[in-house]
Amino acid sequence: MSEINVQLNNGAEALLEAPVTVAEALKRLDRDAAKKALAARVNGREVDLGFTLGTESNGAPVQIEPVLPETLEGLDVLRHSTAHLLAAAVLDLFPGTKLGIGPALLEDPRYGFFYDVIAPRALTEADLPVIEKRMREIAKRNLSYRRDEIPKAEAIKIFAERDEPLKCELIEEKAGPVVSVYYIDGSPFIDFCLGPHVPNTNKLKAFKLLSLAGAYWKGDATQPQMQRIYGTAFFTQEELDAWIKQREEAERRDHRRLGRELDLFSIQEQYGQGLIFWHPKGALVRKAMEDYLYEELIKRNYSFVYTPHIARRELWKISGHEQNYGDSMFSPTKIEEQEFRLKPMNCPFHIGIYGSQQRSYRDLPQRYAEMGTVYRAELSGTLHGLMRVRGFTVDDAHIFCTPEQVLGEMIECVDFAAEVLKTFGFEKVKFELSVKGSDTTKQYLGADEDWAKAESAIAAALQEKGIPFERIEGEAAFYGPKVDFKIEDAIGRLWQLGTVQWDFNLPERFELEYIGEDNKPHRPAMVHRALFGSIERFFGILIEQYAGAFPMWLAPVQVAVLPITDRVNDYAERVARELREAGLRVELNLKSEKIGAKIRDAQLQKVPFMLVLGDREMEQGMVAVRERSRGDIGTMMLAEFRQMAQGLVESRAITTVQSRES
RNA sequence: GCCCGAGUAGCUCAGGGGUAGAGCGCCUCCUUGGUAAGGAGGAGGUCACGGGUUCAAAUCCCGUCUCGGGCUCCA
């Protein structure tokens with residue numbers, strides 16, 4: 001009988017008789033932690049509570065750290081185990097179901113876990129409550145999660161006997177010589193899994209199944225399609241309820257709903273999927289966005305260009321779009337035996353302008369900016385409100401410069417993007433450095449060395465700027481690596497906004513040149529960049545960001561003028577006119593309604609300021625001001641209000657609240 | 001494109017083999033009311049489209065289109 005020295009991460013130590021399980025060791029070290037623990041780390045390695053200590057010790061004490069609730073690790077274990085519970089319930093209800101994978105999800109706030117299955121009959125959403133009920137029944141039976149380690153061949157045999165071909169495939173691909181499998185004792189479920197898991201189903205109390213979706217096996221469209229059941233789990237019912245409530249709140253900010261309620265835009269099926277109609281109010285927001293951008297472009301010494309929407313097919317062969325991007329392009333159309341294709345990107349056109357004359361190094365960099373409308377043949381199933389469409393406008397620019405200037409220009413672009421995003425009040429922006437992948441099905445132009453060189457240069461530049469970024473393989477554009485800015489929508493879906501891309505291929509393909517100091521031709525470098533990315537998508541994100549309550553400078557209607565009685569209608573008209581002359585966007589409500597109803601209308605339209613006008617105000621040339629989030633803020637002279645309102649617009653203040661104090 | 005679900009008035013939705021419903025919005029009239037809904041009346045629908053079953057289809061079945069949630073893709 002040997003002894004083993006164990007030490008808890010809080011310092012507590014004990015000498016125990018080996019073999020002993022982690023759960024038993026914990027009980028001796030810290031009763032409270034032992035009760036709450038879901039799993040543990042032993043010498044840094046995550047294990048089940050049922051893990052037997054014995055061989056770890058070679059003199060030094062064995063380090064034990066409980067994995068507790070209310071930690072990310074704890075949540076991971078909880079959700080992963082709940083995914084297993086889900087699979088057990090599905091197997092129970094639908095014998096013959098084939099299992100795919102069932103991980104916990106911690107990064108995506110929409111879900112907590114999923115399990116991919118192929119059931120004998122197609123599952124429908126009506127099955128979810130039934131499955132959830134069975135999960136609760138199983139959880140109540142207090143069944144153990146049991147881990148077993150067996151040779152690979154045996155594992156494959158077990159899963160083959162259960163007719164689980166997908167699991168066999170996974171084991172073949174991923175497993176070492178020894179395979180760990182998990183049972184839920186007393187249920188038909190067994191999984192190929194590393195763990196760790198909760199010891200017991202009674203730890204699983206607060207969970208909910210959310211939705212049913214299609215998902216390709218291994219995420220590959222050529223593989224069979226499975227059904228993915230999404231759910232989430234928390235440690236307590238209160239946390240789950242709070243999460244559900246928060247999600248309902250978020251759904252109220254959906255840009256599609258607000259777009260209709262605030263009359264900002266529409267998509268009309270009789271005109272085509274994924275095509276956006278900007279209504280007058282949405283168009284005003286867009287104009288404010290674009291005006292701001294134009295101002296900034298001028299400050300940063302960009303020049304403006306306008307280019308066609310369509311070009312000869314040959315052009316797209318030269319650029320490589322037809323070969324590398326053709327699937328996303330609208331099919332060619334023919335006129336007088338010549339084929340044309342709609343543009344999916346603006347770059348070749350700006351290249352056309354650069355190439356239209358001889359360039360000197362003294363002229364570089366050339367920065368061409370355009371609100372360029374492009375069309376892409378997106379799959380119908382991917383379309384989503386303003387976020388994914390088939391026709392959209394890019395706040396595009398292409399910078400032609402010397403190779404020495406590229407990095408500086410890229411840093412400028414990232415800077416520019418950061419400033420623009422700040423103006424709109426975005427704080428949670430994610431930067432991604434997308435580079436060429438090893439995946440050979442995707443095509444890339446250019447030599448590997450160039451790709452590697454460009455990547456390390458961009459990474460260095462981002463680091464120098466102190467911008468944290470994530471490196472993503474296989475997401476680069478076909479012509480070069482890029483930096484993307486991404487942001488979440490109301491319910492946590494991540495969308496790409498702007499992008500800065502280094503392109504060492506298109507200048508080559510179009511044989512662009514500039515004459516250098518040495519009086520010889522050289523190849524210029526090229527940077528593609530967009531800050532909003534797609535104006536449509538950025539608008540969608542903005543709607544959700546502000547929940548439709550746009551800051552003053554973006555609000556389509558900035559001031560609602562609301563006369564209390566017909567007697568003051570003339571005065572109200574004068575007020576409206578004066579404010580309009582000062583450049584403000586004003587709506588006058590002369591309806592025969594009581595003031596409460598007029599206020600309610602303006603409030604629902606999320607108009608920043610309401611001016612309530614009655615006899616008192618008319619007599620003194622004043623306005624009673626109501627701000628949408630604070631309510632009545634008192635009476636002031638019309639001129640005073642006008643100045644305040646103009647100040648808010650000019651400063652592009654994000655809230656209407658701080659400004660009055662300032 | 002693929003998997004599951006859904007399409008009823010401008011919007012949100014109820015109904016469901018036998019004369020098409022509500023609330024909001026819209027129009028008209030009355031009302032002139034001081035900070036989130038004043039009153040009355042009215043207009044408005046081939047129940048997405050096409051086919052089938054049936055004496056009879058908005059309702060059941062099939063197909064198409066569109067939308068929603070995902071997968072794949074991507075600004």
Side-chain angles (χ1 to χ4, degrees), chain A residues 110-111 114 116 118 122-128 210-230 254 256-257 260-261 263 266-270 272-273 325 327-328 344-345 372 374 376-396 434 442 475 477 482 484-486 491 493-499 528 530-538 540-541 562-569 592-604 610-617 624-628 631-633 635:
Chain A
R110 289 174 293 164
Y111 305 109
F114 67 79
D116 284 349
I118 301 176
L123 301 177
T124 77
E125 254 146 51
D127 293 317
L128 295 186
L210 298 169
S211 66
L212 190 64
Y216 296 107
W217 173 235
K218 296 181 185 167
D220 180 346
T222 64
Q223 297 275 359
Q225 187 153 35
M226 311 186 68
Q227 287 192 293
R228 174 167 297 179
I229 303 169
Y230 280 105
D254 190 312
R256 294 165 298 184
R257 168 203 286 264
R260 190 169 44 240
E261 287 173 359
D263 196 16
S266 64
I267 298 167
Q268 313 210 16
E269 59 175 86
Q270 66 271 35
Q273 300 169 265
Y325 203 74
D327 290 347
S328 299
M345 294 187 195
V374 298
R376 297 186 184 174
E378 299 292 341
L379 298 179
S380 61
T382 69
L383 301 176
H384 179 89
L386 292 171
M387 302 302 198
R388 167 145 276 107
V389 297
R390 285 187 174 154
F392 61 99
T393 301
V394 187
D395 63 316
D396 219 346
S434 296
K442 231 173 144 178
E475 290 295 316
K482 60 176 183 171
D484 290 330
F485 328 122
K486 297 196 174 180
I491 61 164
R493 281 180 287 220
L494 207 58
W495 296 98
Q496 177 169 336
L497 300 179
T499 178
H528 307 237
L531 307 178
F532 296 155
S534 140
I535 293 179
E536 282 77 2
R537 179 182 290 175
F538 198 80
I541 294 279
L562 312 177
I564 292 171
T565 123
D566 289 350
R567 281 195 305 283
V568 299
N569 280 0
S592 164
E593 294 282 359
K594 290 167 101 165
I595 192 63
K598 292 186 184 184
I599 287 172
R600 183 166 191 272
D601 282 351
Q603 200 77 45
L604 290 176
M610 288 151 252
L611 301 183
V612 176
L613 306 182
D615 293 320
R616 294 201 297 270
E617 287 74 20
V625 183
R626 186 186 165 95
E627 194 272 334
R628 74 181 158 206
D632 191 349
I633 58 171
T635 304

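A note on names: the letters A, B, ... follow the listed sequences, proteins ahead of strands, and every chain is numbered from 1.
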Which is true for [X] with a 4.0 Å heavy-atom rule: it touches a base, it touches only sugar-phosphate, or it touches nothing?
X       : result
E378(A) : base
S380(A) : base
R390(A) : nothing
V389(A) : base
R376(A) : base
Y111(A) : sugar-phosphate
I267(A) : nothing

Using OP1 and OP2 only, check whether a side-chain N or O of [X] sits under 4.0 Å from [N].
X       : N       : result
H384(A) : rG69(B) : yes
R260(A) : rU12(B) : yes
Q270(A) : rU66(B) : no
R493(A) : rG69(B) : yes
K218(A) : rU72(B) : no
R256(A) : rG68(B) : yes

Distance, [atom1] atom - from [M] to [N], rounded to whole angstrom:
N       : M       : atom1 : result
rC47(B) : rG70(B) : P     : 32 Å
rG68(B) : rU8(B)  : P     : 14 Å
rC74(B) : rU53(B) : P     : 47 Å
rC4(B)  : rA57(B) : C1'   : 26 Å
rG41(B) : rU35(B) : C1'   : 29 Å
rA43(B) : rG1(B)  : C1'   : 44 Å
rC49(B) : rU66(B) : C1'   : 10 Å
rA6(B)  : rG44(B) : P     : 32 Å

Using atom [atom1] of [X] as one end and atom [atom2] of [N] as the other, report the distance to the nearest whole Å.
X       : N       : atom1 : atom2 : result
Y216(A) : rC73(B) : OH    : P     : 10 Å
L494(A) : rG70(B) : CG    : P     : 13 Å
Q268(A) : rA48(B) : CD    : P     : 19 Å
W217(A) : rG70(B) : CH2   : C1'   : 18 Å
M387(A) : rA75(B) : CE    : P     : 16 Å
D220(A) : rG70(B) : CG    : P     : 21 Å
Q496(A) : rA75(B) : CD    : C1'   : 6 Å
L128(A) : rG70(B) : CG    : C1'   : 13 Å

**Asked** Under a cut-off of 3.5 Å for both distances of each Watson-Crick or G-U pair, what dot-bracket string does RNA chain B give, using [ ] for crossing pairs and | for inter-strand pairs?
**Response** ((((((((.[[[[.)..(..]]]].(((((.......))))).....[[[[[..)....]]]]])))))))....

**Message:** Reading RNA chain B from 5' onward, which residue's closest nucleotide shows up sooner: Y325(A) or G385(A)?
**Reply:**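 Comparing both residues, the 5'-ward one is G385(A).
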
**Asked** Between S534(A) and R228(A), which has a closest nucleotide on RNA chain B that is more 5'?
**Response**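 Its nearest nucleotide lies further toward 5', so the answer is R228(A).
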
Please tabulate the protein-to-nucleotide N/O contacts below 3.5 Å involving nucleotides 3-5 of chain B, giving atom names and distances.
unit_1	atom_1	unit_2	atom_2	d
rC3(B)	O4'	Q225(A)	OE1	2.8
rC3(B)	O2	G214(A)	N	3.0

**Request:** Enter the distance from W217(A):CH2 to Q225(A):CD here, rounded to the nearest 0.5 Å.
**Result:**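 Atom-to-atom, W217(A):CH2 and Q225(A):CD are 14.0 Å apart.
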
**Message:** Let me confirm one number: the OG1-CG distance from T499(A) to L531(A), rounded to the nearest 0.5 Å.
**Reply:**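 One gets 10.0 Å once the value is rounded to the nearest 0.5 Å.
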
Any donor-acceptor N/O pair, [X] side chain to [Y] backbone, under 3.5 Å:
X       : Y       : value
D395(A) : G533(A) : yes
D127(A) : T124(A) : yes
Q227(A) : L123(A) : yes
R390(A) : E378(A) : yes
K218(A) : Q223(A) : no
R376(A) : P344(A) : yes

**Message:** If the condition is salt bridge (Lys or Arg N to Asp or Glu O under 4.0 Å), which residues does R628(A) pass it with, not counting sequence neighbours?
**Reply:**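 R628(A) satisfies salt bridge (Lys or Arg N to Asp or Glu O under 4.0 Å) with no other residue.
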
Are there any protein N/O atoms within less than 3.5 Å of an N/O atom in nucleotides 42-44 of chain B, and if so, which ones and at what distance?
none

**Request:** Please indicate yes or no: is the ring centre of Y230(A) less than 5.5 Å from the centre of the six-membered base ring of rG70(B), with the two planes inclined by under 30 degrees?
**Result:**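 So no, this residue does not stack on that base, at least one cut-off failing.
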
**Prompt:** Salt bridge between D484(A) and K486(A), side-chain N to carboxylate O under 4.0 Å?
**Reply:**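 No, no charged N to carboxylate O under 4.0 Å.
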
**Request:** State plainly whether the residues D116(A) and R228(A) are in salt-bridge range, i.e. N to O under 4.0 Å.
**Result:**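 So D116(A) pairs with R228(A) through a salt bridge.
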
**Item:** Side chain of Q273(A) - closest among rC74(B), rG70(B), rC67(B)
**Value:**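 Within the option list, the nearest is rC67(B).
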
**Message:** Counting primed atoms plus P, OP1 and OP2 as sugar-phosphate and everything else as base, spell out the protein contacts along nucleotides 29-38 of chain B at 4.0 Å heavy-atom distance: B, S or - for each nucleotide, 5' to 3'.
**Reply:** -BBBBBBBBB

**Request:** Just jot down the ring-ring contact (aromatic ring centres under 6.0 Å, His included) partners of Y230(A), sequence neighbours excluded, or say none.
**Result:**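 Y230(A) satisfies ring-ring contact (aromatic ring centres under 6.0 Å, His included) with Y111(A), F114(A) once adjacent residues are dropped.
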
